[in-house]
Amino acid sequence: MLRDERSIAVLAMLLYRWNVWASSTAFEYISFVEVCVRNVLDHCLQVWVRKQPYQAPTDWIVVGPVNPIDRIRALINNDDKDYLAEAYRNALRQQRGWRSDQSHPRHGQTINRDDVFAQLTLGTWDGMLKRANKDPELAHVLMGAFSNIEEAWESEQRRMPKMRLPGNENDSHEDRLRKEVIDRLTSIRRVRNRIAHDENLLRVQFPKLRYDMFFVLNALDKACPNWAFPDQAAPLKTMNPLNVVKDFTLRALNEKE
């Protein structure tokens, strides 16, 4: 059926168009997850910082307590890159654009905290949750963002009774739930990155992506899924490139008859 070059070219074009549609559709849903997760995590960290009794040592040689801000930065940055500094630089680049464009609504303004915060990517948040295994207190603080996670996990177990949390029996229940959130967020982020890099989504399991996003949103707050996805992310249920191939093949057969 697809031996001639023209048929192959037509199917390739149809699949490319499907990929563009799938990318724009999936990205729309993922953006809601990203915004919800980052805002709630940010709130939890701000509340925690305000409660810290930290005071800087008066002598540089005195061994004092670890600065709570440095503890948070240790969850974001790594030895090779300072992501917070990069976010600040990116925000400053935006500011230079405002200054050079007199018609821009932010012309003449300077960047604020929100401008820098918006530069942090989805990878910041699952990365923080991963690195938090070295700081149990902050791991607990971050998990406070997912206040409905027990109910979300129970819902998943009703859907798939054989599903088990990652980790082993020696790990705490909260730690295993944290790993589950990490797995879901990482899976979502990988799809997001494929979309951002204009890669094909032919092997993405969109129904699974939908369940991952619903789990994360439900873990944040039981009202969150309906707020973010009033259409219940219905297009993701049946999004499959094989449907394009089947339709193309069926049309080709009908044209031959």
Side-chain angles (χ1 to χ4, degrees), residues 30-58 60 62-91 111-153 165-167 170-186 188-189 212-213 215-225 227-228:
I30 292 172
S31 66
F32 279 97
V33 176
E34 182 170 359
V35 167
C36 290
V37 169
R38 77 181 189 186
N39 287 350
V40 181
L41 284 174
D42 179 44
H43 174 73
C44 288
L45 289 172
Q46 289 195 65
V47 170
W48 178 76
V49 167
R50 286 196 291 268
K51 293 179 179 178
Q52 300 310 299
Y54 173 77
Q55 290 183 342
T58 56
W60 67 269
V62 174
V63 179
V66 178
N67 187 328
I69 304 301
D70 288 341
R71 288 171 63 185
I72 295 175
R73 288 176 178 270
L75 301 186
I76 298 176
N77 301 325
N78 57 40
D79 294 336
D80 300 321
K81 196 167 186 178
D82 187 331
Y83 288 97
L84 283 169
E86 182 181 56
Y88 184 74
R89 288 193 296 269
N90 290 340
I111 59 172
N112 56 34
R113 180 189 190 277
D114 292 340
D115 296 316
V116 177
F117 179 64
Q119 297 298 320
L120 297 173
T121 66
L122 182 58
T124 301
W125 314 117
D126 66 326
M128 288 186 76
L129 286 162
K130 288 176 185 175
R131 296 186 184 97
N133 66 329
K134 299 178 181 179
D135 193 327
E137 181 185 2
L138 274 180
H140 180 68
V141 170
L142 292 174
M143 285 305 292
F146 303 93
S147 59
N148 195 51
I149 194 167
E150 292 287 0
E151 186 174 322
W153 177 244
L165 288 171
N170 294 326
D171 298 326
S172 70
H173 182 62
E174 183 177 84
D175 193 51
R176 296 181 71 180
L177 286 171
R178 179 175 59 86
K179 292 176 181 176
E180 182 68 21
V181 173
I182 292 170
D183 288 347
R184 303 295 183 108
L185 283 175
T186 301
I188 295 167
R189 177 173 55 82
D212 287 343
M213 292 193 294
F215 173 78
V216 172
L217 290 171
N218 192 22
L220 291 171
D221 189 292
K222 62 182 179 181
C224 206
W227 175 85

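All values below were derived from every heavy atom in this structure, side-chain atoms included, with hydrogens, water molecules and symmetry-related copies excluded.
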*Should we count CZ of F117 as having more than 12 external heavy atoms under 6.0 Å?*
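Yes - once you tally the heavy atoms of other residues, nucleotides and ligands closer than 6.0 Å, there are more than 12.
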*Audit row: L220, V37, side chain to side chain contact (heavy atoms under 4.5 Å, CB included) steps and yes/no*: CA-CA 8 Å; L220 291 171; V37 169; 4.0 Å; yes
Do [X] side-chain atoms and [Y] backbone N/O form a donor-acceptor pair below 3.5 Å?
X	Y	result
T186	I182	yes
Q52	W48	yes
D115	N112	yes

[atom1]-[atom2] distance between [X] and [Y], expressed to the nearest 0.5 angstrom:
X	Y	atom1	atom2	result
R38	L122	CZ	CG	10.0 Å
N133	D171	CG	CG	10.5 Å
L84	N77	CG	CG	5.0 Å

Going by heavy atoms in the side chains, are [X] and [Y] under 4.5 Å from each other?
X	Y	answer
L165	W153	yes
C36	L217	yes
I188	E34	no
L45	L142	yes
L177	V181	no
E150	H173	yes
V216	M213	no
F146	L129	yes

*Partners meeting ring-ring contact (aromatic ring centres under 6.0 Å, His included) with Y54 (sequence neighbours left out)*: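 Partners of Y54 by the ring-ring contact (aromatic ring centres under 6.0 Å, His included) criterion come out as none, since no residue qualifies.
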*Verify side chain to side chain contact (heavy atoms under 4.5 Å, CB included) between Y83 and T121, making sure each step is shown before the conclusion.*
CA-CA 9 Å; Y83 288 97; T121 66; over 6 Å; no
Over all heavy atoms of both residues, which pair between [X] and [Y] is shortest? Give the atoms and the distance, please.
X	Y	value
A132	A139	O-CB, 3.5 Å
V66	R71	CG1-CG, 3.5 Å
A87	Q119	O-CG, 3.5 Å
K81	N78	N-OD1, 2.7 Å
L75	R131	O-NH1, 3.0 Å
I69	N67	N-OD1, 2.8 Å

*Stepwise salt bridge (charged side-chain N to carboxylate O under 4.0 Å, His left out) test for R184 and D126*: CA-CA 9 Å; R184 303 295 183 108; D126 66 326; over 6 Å; no
*Take D183 and K179 through the salt bridge (charged side-chain N to carboxylate O under 4.0 Å, His left out) test and state the conclusion after the steps.*
CA-CA 6 Å; D183 288 347; K179 292 176 181 176; over 6 Å; no
*Do E151 and K222 meet the salt-bridge criterion of a basic N to acidic O distance under 4.0 Å?*
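Result for this pair is no, no salt bridge flagged.
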*Could you check I76 against M128 for side chain to side chain contact (heavy atoms under 4.5 Å, CB included), going step by step and ending with a plain yes or no?*
CA-CA 6 Å; I76 298 176; M128 288 186 76; 3.7 Å; yes
_Run R189 and W125 through side chain to side chain contact (heavy atoms under 4.5 Å, CB included) and show every step you take._
CA-CA 10 Å; R189 177 173 55 82; W125 314 117; over 6 Å; no
_Determine whether D42 and Q46 satisfy the following criterion, side-chain hydrogen bond (donor to acceptor under 3.5 Å, both in side chains), listing intermediate values before the conclusion._
CA-CA 6 Å; D42 179 44; Q46 289 195 65; 3.0 Å; yes
